[in-house]
*Asks:* 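Attaching a single structure in structure tokens format; questions to follow.
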Amino acid sequence: MSDIVKQKLWEIISRNTSATESEWLQQKGSAAPLELMTAFVAAPRFLAKKIVKVSEDEQWSLDTEIPGFSVNNWSLVRLSRVWLLTQLDSSDKEDYVKNIETLFDTAEMNELVALYSALPLLSYPEHWLFRATDAVRSNMGFVFDAIALHNPYPAKHFSELAWNQLVLKTIFNDKPIHLIEGLENRANEKLALTLSDFAHERWAAGRSVAPQVWRLVGKFMNPALLADMQHLFESENSEDRKAAALACADSTLTNANYLLAKYTDLEKSVKLGELTWAELEHS
């Protein structure tokens with residue numbers, strides 16, 4: 001990780017801390033690993049319980065260095081803990097990995113959130129793959145969110161199977177999938193077919209499916225998925241109809257284009273750019 005990222009994180013921290021808090025963090029950030037790790041755990045005792053304010057320029061700068069990485073809506077403690085991790089010396093891989101693994105092994109929920117949030121910044125990213133996929137199975141909502149939402153690590157390092165599990169669990173938990181970094185770049189046929197099966201189960205139980213689910217199927221349209229689109233077009237829910245229109249527009253399947261053409265108002269809205277997936281994004 002570049003020194004630029006460390007500096008940008010510190011600039012955000014320094015704007016959101018008192019002189020006493022800033023001095024404490026600087027002292028611990030330059031301390032020996034054991035003292036730094038102790039500070040990681042003790043941070044809530046020395047830092048205000050507040051959400052940091054991040055300017056658009058600061059967020060843009062971070063995103064430029066690490067695409068998809070965001071600290072918006074983080075607490076000061078979370079951000080400071082992540083910054084402390086970036087201060088650990090990574091030149092000796094064995095010691096570096098041992099120190100961070102120790103934090104993982106002893107962490108409570110908020111500490112885990114910080115650790116998973118820091119994955120895009122940690123050295124030896126391949127080493128943390130097991131920890132990252134394990135977080136997908138977590139029943140702690142905040143821990144799952146830390147790996148699944150606004151985190152570029154999964155898109156860059158997960159296998160297709162692990163990626164699909166992350167997306168599916170996000171959907172099962174009724175969380176906003178548009179907050180998954182790399183969502184459309186990692187779309188794949190297996191996931192599209194699984195989402196169709198999921199939708200059929202929900203419909204059979206008299207339940208609905210979040211319209212955003214269908215943004216992942218357009219590129220893989222086949223006759224079975226096209227039948228799903230017809231079902232959506234016939235829905236009383238306007239967002240279902242919009243999702244079907246967008247998914248058909250994303251498809252290169254001729255019959256998908258024919259189906260969309262039957263719904264002239266929706267087709268026109270898509271072609272004019274008035275209807276996009278952003279309209280169906282809900283937090």
Side-chain angles (χ1 to χ4, degrees), residues 51 68-75 78 109-110 112-114 116-117 119 132-155 158-221 224-225 227-248 250 275-283:
I51 301 299
F69 182 71
S70 171
V71 300
N72 281 325
N73 298 315
W74 282 19
S75 70
R78 180 180 179 183
M109 185 187 70
N110 290 317
L112 285 173
V113 167
Y116 286 117
S117 299
L119 288 185
T133 53
D134 189 53
V136 175
R137 295 186 288 273
S138 174
N139 291 322
M140 292 185 281
F142 290 117
V143 171
F144 176 79
D145 290 355
I147 191 64
L149 310 181
H150 290 306
N151 192 328
Y153 182 93
F158 276 20
S159 67
E160 183 177 279
L161 176 61
W163 175 260
N164 289 353
Q165 289 174 337
L166 180 148
V167 175
L168 289 168
K169 186 167 181 180
T170 304
I171 293 169
F172 294 158
N173 290 342
D174 292 322
K175 295 180 181 290
I177 63 170
H178 67 278
L179 300 184
I180 300 175
E181 294 299 330
L183 181 68
E184 294 183 5
N185 290 338
R186 290 294 307 264
N188 59 83
E189 186 175 16
K190 287 183 179 179
L191 179 58
L193 297 177
T194 302
L195 291 173
S196 177
D197 292 340
F198 166 70
H200 282 249
E201 292 175 5
R202 298 278 289 226
W203 291 337
R207 302 177 65 189
S208 61
V209 177
Q212 274 208 81
V213 165
W214 304 106
R215 75 191 302 165
L216 300 175
V217 308
K219 296 176 183 176
F220 311 99
M221 196 71 70
L225 288 169
D228 292 341
M229 297 304 103
Q230 182 65 66
H231 179 89
L232 293 173
F233 275 125
E234 295 171 357
S235 170
E236 295 180 0
N237 186 327
S238 64
E239 292 197 341
D240 283 344
R241 299 193 295 272
K242 291 175 181 178
L246 289 164
C248 286
D250 287 342
L275 174 60
T276 67
W277 286 112
E279 185 174 330
L280 303 180
E281 293 175 357
H282 305 291
S283 59

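Residues: numbered from 1 along the sequence shown. Remember, predicted model here, so these are calculated numbers, not experimental data.
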*Asks:* So do the side chains of Asp250 and Val217 get within less than 4.5 Å of each other, counting heavy atoms only?
*Replies:* no

*Asks:* What is the distance from atom CE of Met140 to atom CG of Asn110, rounded to the nearest 0.5 Å?
*Replies:* 10.0 Å

*Asks:* Angle between ring planes, Phe198 versus Phe172, binned at 30° and 60°: parallel, tilted or perpendicular?
*Replies:* tilted

*Asks:* If only atom types and distance count, is the side chain of Lys175 paired as donor or acceptor with the main-chain N or O of Gly141 below 3.5 Å?
*Replies:* no

*Asks:* Working to the nearest 0.5 angstrom, can you tell me the gap between Gln165 CD and Leu191 CG?
*Replies:* 11.0 Å

*Asks:* Kindly give the heavy-atom pair with the smallest separation between Met221 and Ala247, and that separation in Å.
*Replies:* CE-O, 3.8 Å

*Asks:* Is a donor on one side and an acceptor on the other found under 3.5 Å between the side chain of Arg78 and the backbone of Ala114?
*Replies:* no

*Asks:* Any donor-acceptor pair under 3.5 Å linking the side chain of Asn151 with the backbone of Tyr116?
*Replies:* yes

*Asks:* Quick check: closest heavy atoms across Ala243 and Pro211, and the distance to 0.1 Å?
*Replies:* CB-O, 3.6 Å

*Asks:* Rounded to the nearest 0.5 Å, how far does OH of Tyr153 lie from CD of Glu181?
*Replies:* 15.5 Å

*Asks:* Using modelled atom types only, decide if a donor and an acceptor are shared between the side chain of Arg241 and the backbone of Leu232 within a distance under 3.5 Å.
*Replies:* no

*Asks:* Are side-chain heavy atoms of Thr194 and Leu168 found at a separation under 4.5 Å?
*Replies:* yes

*Asks:* Between Val209 and Trp214, is there a side-chain heavy-atom distance shorter than 4.5 Å?
*Replies:* yes

*Asks:* Of all the heavy-atom pairs spanning Trp277 and Gln212, show the shortest one and how long it is.
*Replies:* CZ3-CA, 4.5 Å

*Asks:* What pair of heavy atoms forms the shortest contact from Ser138 to Lys169, and how long is it?
*Replies:* O-NZ, 2.6 Å

*Asks:* Please evaluate residues Leu195 and Leu216 with respect to the criterion side chain to side chain contact (heavy atoms under 4.5 Å, CB included), reporting the C-alpha separation (whole Å), side-chain torsions for both, the decisive distance (0.1 Å), and the verdict.
*Replies:* CA-CA 8 Å; Leu195 291 173; Leu216 300 175; 3.8 Å; yes

*Asks:* So among Leu149, Asn139, Thr170, Val113, which one has a side-chain contact (heavy atoms from CB on, under 4.5 Å) with Phe144?
*Replies:* Thr170

*Asks:* More than 12 non-hydrogen atoms from neighbouring residues, nucleotides or ligands closer than 6.0 Å to CG on Asp197, yes or no?
*Replies:* yes

*Asks:* Atom CD of Glu279 and atom CG of Leu246: how far apart are they, to the nearest 0.5 Å?
*Replies:* 8.0 Å

*Asks:* Let me confirm one number: the NE2-CG distance from His231 to Leu225, rounded to the nearest 0.5 Å.
*Replies:* 13.5 Å

*Asks:* Going by the rule side-chain contact (heavy atoms from CB on, under 4.5 Å), which residues pair with His200 if we only count those two or more places apart in sequence or in a different chain?
*Replies:* Ser196, Trp203, Asp228

*Asks:* Might you point out which heavy atoms bring Trp163 and Gly182 nearest each other, and give the distance in Å?
*Replies:* CZ2-O, 3.7 Å

*Asks:* Do the side chain of Asn237 and the main chain of Glu239 share a donor and acceptor less than 3.5 angstrom apart?
*Replies:* yes

*Asks:* Looking at CG of Asp145 and NE2 of His150, how far apart are the two atoms once the value is rounded to the nearest 0.5 Å?
*Replies:* 10.0 Å

*Asks:* Looking at every heavy atom in both Ala132 and Leu119, which two are closest together, and how far apart are they?
*Replies:* CB-CD1, 3.7 Å

*Asks:* Test side chain to side chain contact (heavy atoms under 4.5 Å, CB included) on Arg215 and Leu183; report intermediate values, then the result.
*Replies:* CA-CA 9 Å; Arg215 75 191 302 165; Leu183 181 68; 3.9 Å; yes

